[in-house]
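Residue numbers count from 1 along this sequence. Treat the numbers as computed from the prediction; the structure is a model and nothing was measured.
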Amino acid sequence: FLVFLLLSGCETPGFIIEESNYSVKQHRIAITAALGQVRSVSDNGRVILSYYHDRDLKGFEVTAKTKTRYYTKVIILGTRRPYRVTIEVHAEVRDPETKRFQDIGLDEDLGRKRSFAIKDMLNQSRVEGSTFDEETPF
């Protein structure tokens with residue numbers, strides 16, 4: 001019974017936007033609009049990391065006195081439409097002994113706020129989509 005409970009949990013951490021029928025390019029535009037300037041984008045354009053931010057989802061500069069910081073990771077999943085988009089907000093705390101930040105897990109409340117912001121930006125998307133995504137269809 002205990003094994004069943006463990007295996008029946010969520011398959012992906014964070015929040016998921018299911019069956020989003022926009023192109024990958026439209027997703028990137030909406031995600032960037034929701035996150036602000038991004039720290040990095042993967043080579044295939046499907047993993048996007050935000051700069052560090054605070055609990056109010058506002059960017060800030062990390063200094064030697066900063067104790068807690070957050071960052072958002074957005075992943076566009078699927079090989080073709082409709083895509084699934086996962087949103088994770090990671091929390092990091094500075095270890096007083098080593099002075100390095102350590103990941104302490106996901107912040108579900110901030111992840112929910114980010115997912116709503118991304119959904120809103122996708123719904124407001126005014127980008128004219130092409131018939132095909134960026135990948136070569138043939």
Side-chain angles (χ1 to χ4, degrees):
F1 180 74
L2 183 60
V3 172
F4 173 76
L5 287 176
L6 290 174
L7 294 176
S8 66
C10 294
E11 63 185 53
T12 305
F15 286 86
I16 299 174
I17 299 173
E18 295 282 351
E19 297 188 13
S20 184
N21 211 16
Y22 298 99
S23 70
V24 173
K25 180 179 179 182
Q26 287 172 310
H27 278 96
R28 277 196 306 266
I29 291 169
I31 291 165
T32 302
L35 297 180
Q37 190 176 12
V38 296
R39 181 171 39 145
S40 70
V41 178
S42 66
D43 290 339
N44 66 1
R46 292 175 180 246
V47 179
I48 301 168
L49 295 177
S50 74
Y51 278 105
Y52 297 110
H53 54 80
D54 58 12
R55 288 208 49 85
D56 296 327
L57 300 176
K58 295 179 182 173
F60 74 106
E61 188 174 330
V62 177
T63 64
K65 295 182 180 182
T66 303
K67 294 180 182 179
T68 305
R69 67 184 184 186
Y70 302 88
Y71 70 92
T72 304
K73 180 178 182 179
V74 181
I75 306 170
I76 303 168
L77 300 170
T79 56
R80 58 181 170 204
R81 297 182 199 189
Y83 296 107
R84 294 174 64 199
V85 181
T86 63
I87 300 103
E88 303 172 353
V89 176
H90 292 263
E92 296 181 338
V93 174
R94 187 184 303 268
D95 182 8
E97 293 176 8
T98 63
K99 305 292 186 209
R100 293 182 181 212
F101 283 95
Q102 296 180 349
D103 193 329
I104 59 169
L106 300 178
D107 189 307
E108 297 293 329
D109 291 335
L110 294 181
R112 182 179 300 111
K113 287 180 186 178
R114 280 287 199 207
S115 67
F116 290 147
I118 291 171
K119 281 182 189 178
D120 287 345
M121 294 310 295
L122 282 170
N123 290 334
Q124 295 174 11
S125 177
R126 291 177 177 79
V127 176
E128 292 297 322
S130 61
T131 306
F132 301 107
D133 286 333
E134 292 78 31
E135 291 85 21
T136 307
F138 302 105

*Check whether any side-chain N or O of R46 sits under 3.5 Å from a backbone N or O of I75 as a donor-acceptor pair, and report yes or no.*
no
*Side-chain donor or acceptor of R39 paired with backbone N/O of S50 under 3.5 Å*: yes
_As a test of understanding, state which of T72, I48, I16 forms a side chain to side chain contact (heavy atoms under 4.5 Å, CB included) with I87._
T72
_L35 vs Y71, test: side-chain contact (heavy atoms from CB on, under 4.5 Å). Steps then yes/no._
CA-CA 10 Å; L35 297 180; Y71 70 92; over 6 Å; no
*What's the verdict on side-chain contact (heavy atoms from CB on, under 4.5 Å) for T66 and Y52, showing C-alpha distance, side-chain angles and the deciding distance?*
CA-CA 11 Å; T66 303; Y52 297 110; over 6 Å; no
_Hydrophobic clusters here meaning ILVMFWY residues chained together by side-chain heavy-atom distances under 4.5 Å, can you tell me if I31 and Y83 are in one?_
yes
*Is there a donor-acceptor contact under 3.5 Å from the side chain of T32 to the main chain of I29?*
no
*asked:* Is it true that, when you exclude E18 itself, more than 12 heavy atoms of the residues, nucleotides or ligands shown sit nearer than 6.0 Å to its CD?
replied: yes
*Cluster overlap L122 with V24, hydrophobic side-chain contacts below 4.5 Å*: yes
*Apply salt bridge (Lys or Arg N to Asp or Glu O under 4.0 Å) to R69 and list each qualifying residue two or more places apart in sequence or on a separate chain.*
E92
*D56 side chain to K58 backbone, donor-acceptor under 3.5 Å*: no
*List for me each residue that meets ring pair (Phe, Tyr, Trp, His ring centres under 6.0 Å) alongside H53, sequence neighbours excluded, and say none if there are none.*
none
*asked:* Tell me whether V38 shares a hydrophobic cluster with I17, the cluster being built from Ile, Leu, Val, Met, Phe, Trp, Tyr side chains joined at under 4.5 Å.
replied: yes
*asked:* Tell me whether L57 shares a hydrophobic cluster with I118, the cluster being built from Ile, Leu, Val, Met, Phe, Trp, Tyr side chains joined at under 4.5 Å.
replied: no
